[in-house]
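A short worksheet on the structure shown next.
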Amino acid sequence: MSHPQWITVLGATGSIGLSTLDVIGRHPDRYRVFALSGFSRLAELEVLCLRHQPRFVVVPEAEQAQALRDRLSSAGLEARVLVGEAGLCEISAHPEVDAVMAAIVGAAGLKPTLAAVEAGKRVLLANKEALVMSGALFMNAVRASGAVLLPIDSEHNAIFQCMPTDYARGLGEVGVRRILLTASGGPFRETPMEQLAQVSPEQACAHPNWSMGRKISVDSASMMNKGLELIEACWLFDAAPSKVEVVIHPQSVIHSLVDYVDGSVLAQLGNPDMRTPIAHALAWPQRIDSGVSPLDLFSVARLDFSAPDEQRFPCLRLARQAAEAGGSVPAMLNAANEVAVAAFLERRIRFTDIPVIIDEVLNREAHAPVESLDAVLAADQCARGAAQAWLQERGL
Ligand code: NAD
Ligand code: MG
């Protein structure tokens with residue numbers, strides 16, 4: 001690809017968005033920011049605009065767009081400021097864009113990410129919820145458009161790095177026996193079970209190894225993050241759920257492994273810093289500096305492994321069941337989880353209510369095959385409604 005490449009960063013103000021801009025800023029000869037989007041921290045978005053000089057910016061509301069346009073203009077930056085989901089889809093699919101970092105959190109990222117896929121872009125996928133919701137549709141769109149899909153989730157990026165280049169022929173065909181998906185176990189790996197009902201959002205968001213947005217931090221604490229990642233791995237690598245094994249590895253130095261039929265197991269290691277997978281996906285198949293310090297194995301000293309405890313982490317079991325059920329179930333699992341996590345962060349429910357809500361939504365609502373985007377969105381809405389009803393029935 002000729003240089004510099006034009007990059008759109010969806011969710012620029014978030015943890016992944018900022019790490020992406022950090023890597024891009026190290027390589028002004030290779031990458032230029034085409035567009036940035038933000039949702040809530042608009043003062044920070046303005047600072048990012050002044051630093052990275054995008055041609056387009058997207059904010060949620062028309063009034064905010066006008067205010068930002070005026071402020072950028074008075075600072076000498078004539079960026080086009082677009083609004084809402086239509087604006088996000090426009091900056092994802094714009095003909096001049098080479099690559100899109102999909103780093104909006106949750107279902108809100110689905111349409112813009114799909115727009116990038118359908119436009120045949122290089123898509124750097126952090127927004128795992130988009131793929132979990134729309135699975136087959138998403139992967140069919142990748143094949144139909146010729147988009148280059150590169151995983152940003154550290155585990156999937158590690159698996160991608162450990163796979164043979166022709167893995168799309170089928171894992172059996174290329175001699176892959178299993179995918180070993182590592183998990184830190186989060187902040188509550190060893191918390192006494194009876195204390196889990198009392199843990200606070202602050203405790204849940206205090207991840208031992210990674211600094212991330214609040215939603216994914218809670219998902220990591222409940223291990224729903226690993227459940228979503230299991231579903232993500234099945235779609236990305238065309239693997240049956242039974243071929244993906246979750247391994248607790250508290251140091252988060254091995255980011256995942258691929259087990260081959262000859263007994264070889266390939267792993268990717270590195271410091272837990274998302275700039276490594278971001279730099280890998282930006283430059284693939286080349287390698288560029290990410291700003292991440294070299295791994296010091298002597299200070300790591302040891303690597304531990306254990307099996308996950310599904311009694312402690314029922315979300316992991318629910319996600320595996322959803323992966324096996326397929327159809328609308330993963331989209332419903334994701335939607336119920338989004339509602340439950342938001343309620344937990346607002347202190348309306350206990351941490352241990354999260355899997356209870358998801359389980360009840362999945363048991364109560366009908367499941368269906370999903371053959372269209374409308375069907376995915378309907379499943380999402382149905383599960384959100386059922387989760388909200390659970391809260392309302394209890395006056396929460
Ligand atoms: P974050 O909360 O820090 O940032 C989310 C971004 O999305 C922000 O820019 C926010 O403005 C935007 N956003 C939120 N709601 C929106 C909406 N309704 N419409 C449009 N934009 C909206 O989250 P994050 O930690 O950066 O995670 C982003 C995605 O990357 C998630 O899907 C997460 O699972 C995935 N991911 C994150 C990490 C990590 O280390 N942070 C690692 C792997 C995967
Ligand atoms: Mg991950």
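Side chains are part of it too, since the values below use all heavy atoms of this structure and drop only hydrogens, waters and symmetry mates. One-based numbering, in listed order, for ligands and for the atoms of each.
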- Looking just at side-chain N and O atoms, do Gln66 and Arg71 make a donor-acceptor pair shorter than 3.5 Å? no
- Query: Would you say ligand 1 has an N or O under 3.5 Å from any N or O of Gly14?
  - Reply: yes
- Query: So is Gly38 polar-close to ligand 1, meaning N/O to N/O under 3.5 Å?
  - Reply: no
- Task: Flag Thr13 as yes when one of its N or O atoms lies below 3.5 Å from any N or O atom of ligand 1, and as no otherwise.
- Result: yes
- Message: If you take the centroid of each ring, where Trp contributes its six-membered ring, are Trp6 and Tyr31 closer together than 6.0 Å?
- Response: no
- Query: Within 45 degrees of the axis of the six-membered ring of Trp390 and under 6.0 Å from its centre: does Arg364 put its NZ or CZ there?
  - Reply: no
- Task: Would you mind running through ligand 1 and noting each atom that sits below 4.0 Å from a heavy atom of Ile16?
- Result: 26 (O), 30 (O), 37 (C), 38 (C), 39 (C), 40 (O), 41 (N), 42 (C)
- Salt-bridge present (Arg55, Glu78; N to O < 4.0 Å): no
- So which heavy atom in the protein is nearest atom 28 (C) of ligand 1, and how far is it from that ligand atom? Ala103 O, 3.4 Å
- Message: From the N, O or S atoms in Asp153, identify the one nearest to the Mg ion (ligand 2).
- Response: OD1
- Task: Flag Ser154 as yes when one of its N or O atoms lies below 3.5 Å from any N or O atom of ligand 1, and as no otherwise.
- Result: no
- Test side chain to side chain donor-acceptor pair (under 3.5 Å), reference His156, set Lys128, Glu229, Glu232, output is Glu232
- Note on the structure: Closest non-hydrogen atoms of Arg177 and Tyr260, given as atom of the first, atom of the second and distance, are NH2-O, 3.2 Å
- Task: Take Leu150 and Val148 through the test side chain to side chain contact (heavy atoms under 4.5 Å, CB included) and record every step on the way to the result.
- Result: CA-CA 6 Å; Leu150 294 161; Val148 176; 4.1 Å; yes
- Query: Going by heavy atoms, is Met274 under 4.0 Å from ligand 1?
  - Reply: yes
- Message: Any nitrogen or oxygen of Glu129, side chain or backbone, less than 3.5 Å from one on ligand 1?
- Response: yes
- Distance to 0.1 Å, residue and atom name: give those for the protein heavy atom nearest to atom 13 (N) of ligand 1. Phe39 CB, 3.6 Å
- Message: I need the atoms of ligand 1 closer than 4.0 Å to a non-hydrogen atom of Ala108, numbered in the order shown.
- Response: 17 (C), 18 (N), 19 (N)
- Could Arg51 and Glu46 be called an ion pair, given the rule that one side-chain N must be under 4.0 Å from one carboxylate O? no
- If the Mg ion (ligand 2) is the vertex, what is the angle to OE2 of Glu229 and OE1 of Glu155, rounded to 10 degrees? 100°
- Message: Any nitrogen or oxygen of Gly213, side chain or backbone, less than 3.5 Å from one on ligand 1?
- Response: yes
